[in-house]
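Note that these values count all heavy atoms, side chains included, but never hydrogens, waters or copies made by symmetry. Below, chain A is the first sequence line, B the second, and so on; all start at residue 1.
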Number of protein chains: 2
Amino acid sequence: MKEGPDFTQIATLMGDPARANILTALMSGRALTASELAAEAGVTAATASSHLAKLEQGGLLLRRKQGRHRYFVLASEEVAHTIEAMMGLAANHGHLRTRQGPKDIELRTARVCYNHLAGDTGVQMFRALVSGGHIATGANGLDLTAKGAELMQRLGLPLETLAKSRAPMCRECLDWSARRSHLAGKLGRALLTHFETVGWAARVPDTRIIRFTPKGRAAFDATFAKQD
Amino acid sequence: MKEGPDFTQIATLMGDPARANILTALMSGRALTASELAAEAGVTAATASSHLAKLEQGGLLLRRKQGRHRYFVLASEEVAHTIEAMMGLAANHGHLRTRQGPKDIELRTARVCYNHLAGDTGVQMFRALVSGGHIATGANGLDLTAKGAELMQRLGLPLETLAKSRAPMCRECLDWSARRSHLAGKLGRALLTHFETVGWAARVPDTRIIRFTPKGRAAFDATFAKQD
DNA sequence: TTCATAGTTCGATGCTAATCAAAGCATCAC
DNA sequence: GTGATGCTTTGATTAGCATCGAACTATGAA
């Protein structure tokens, strides 16, 4: 018995409310300082510092020193993916943090998941890319097709730069709200960045919400048409 | 802030060593009794009972009453998937439970993940199915192609029966040891059952290990050839 | 019926870990 | 330098919870 890796430490780290708040805040993909995270978690700086040390030690967070600030980010996309999976279980079981408000609806419509687009809009994009034959399952998992590369060129994504790093181009990430896959990986990140750069969408400050402009929404829908 | 579902309860449930042992044991996909799980977790029946109640309450387990026994199983494939993700993080960070022994190697070669085949062998099968065009990404995620259906017919899988339930036919599950996808979903389950039925492989009692017979291994490799 | 086995509930115990205030470092501004 | 800000360390306090033995309930066997 007792087969397989021991995940108790990781689970314990995620199981404390203050630490869960910290992790949730970092799901926005932004680097936040220790003080910001303390406020986010609703604890004093001392307590937060202790939590952050543990999270870093446990491999969930990375710490970057910059002047007298310490910035924290999630350690990897895999960590983000696991957190989304946990949120999925929680949502499934009715552990929503708040009553469904307008904010919650916006979250479900479009939000940041670590560094890529999630929510209904993210799922819509994923399905459109698949249906259009722009991404397809290859021997190494999901990958960009030639047709897909063409589309990205047309949109103006710097594919050559993306190709340089060895990280996977496409990854699936299970969306906690829509309960379907959306696109993660380098491409997912690049697309979200692109939408922000060209002004189709912008993040609502201090939240994970992404808000599309009317024009941006129209352009997005034209590019990634809804599937039945 | 505090956006998204609150996963602290779920994480806390997974974060206790006794409960983690219980969950790990149930990753074998078998239904185990309260006493068996108590032994597995290394605690008394009283303690285990308390843990099992909490796990059921938290939606991670299902309880089935049968005579004077209570059988427990994981509540869903999604729960299994989340646990695998946590194991992936843990393995990545060196929290292996034991030093790499022969048992560990067997686990990495072929094991049960909830109800389907995982480990190198599971990954091999997944890649072969994808390369051979037997499964492909469709609008609703991974799906069996016509060519794939043909293969399954040839193997003798009861596709009609499978098609009846509304659960997804194919799902990807990230393998904690190989760090690649293997096949879950109804098809994944049916294939593993098939291998056992036709005697290609058998479970090692009281473990998650699956051991292939020499003949079974040969047949498996012929059907699902290793990819580069 | 009587005994044995499976599981749950209860109460007591003890340990772990979250928390904060205060003091200590480190960095920046002046 | 002096003061201010950001963060960490230390030590004391406290609350929660895992644990077990023992009593209790339910099912099955003889």
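Residues satisfying the side-chain contact (heavy atoms from CB on, under 4.5 Å) criterion with E160(B), sequence neighbours excluded, are Q153(B). Take R68(A) and apply the salt bridge (charged side-chain N to carboxylate O under 4.0 Å, His left out) test, not counting sequence neighbours, and it matches no residue.
Applying the ring pair (Phe, Tyr, Trp, His ring centres under 6.0 Å) test to pairs two or more places apart or on separate chains, none has a residue in residues 15-55 of chain B.
For the 3.5 Å distance criterion, the side chains of R208(B) and T24(B) fail to qualify, holding no donor opposite an acceptor. Of the N and O atoms on the side chains of S49(B) and R70(B), not one donor lies less than 3.5 Å from an acceptor on the other residue.
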For nucleotides 19-26 of chain D, give me every protein contact, N/O to N/O, under 3.5 Å, one pair per line with atom names.
| from | atom 1 | to | atom 2 | distance (Å) |
| --- | --- | --- | --- | --- |
| dT19(D) | OP2 | H51(B) | NE2 | 2.5 |
| dC20(D) | OP2 | T44(B) | N | 3.1 |
| dC20(D) | OP2 | T44(B) | OG1 | 3.2 |
| dC20(D) | OP2 | T47(B) | OG1 | 2.8 |

All N/O pairs under 3.5 Å across the protein-nucleotides 23-25 of chain C interface:
none

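Applying the 4.0 Å criterion to OP1 and OP2 of dA6(C), one finds that R63(B) has every side-chain N and O outside that range.
Counting any heavy atom pair closer than 4.0 Å across all strands shown, A45(A) reaches a base atom.
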Which donor-acceptor pairs under 3.5 Å do side chains of residues 191-198 of chain B form with protein atoms, sequence neighbours excluded?
| from | atom 1 | to | atom 2 | distance (Å) |
| --- | --- | --- | --- | --- |
| T193(B) | OG1 | R189(B) | O | 2.8 |
| H194(B) | NE2 | L155(B) | O | 3.3 |
| E196(B) | OE2 | R203(B) | NE | 3.3 |
| T197(B) | OG1 | T193(B) | O | 2.6 |

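Between Q66(A) and T12(A), it is T12(A) whose nearest contact on DNA chain C lies nearer the 5' terminus.
Using a cutoff of 4.0 Å between basic side-chain nitrogens and carboxylate oxygens, E84(A) and R111(A) are scored as salt-bridged.
Taking every side-chain heavy atom of H69(A) into account, dG6(D) is the closest of dA18(D), dA6(C), dG6(D).
Closest non-hydrogen pair, F7(B) versus A90(A), comes out as CA-CB, 4.0 Å.
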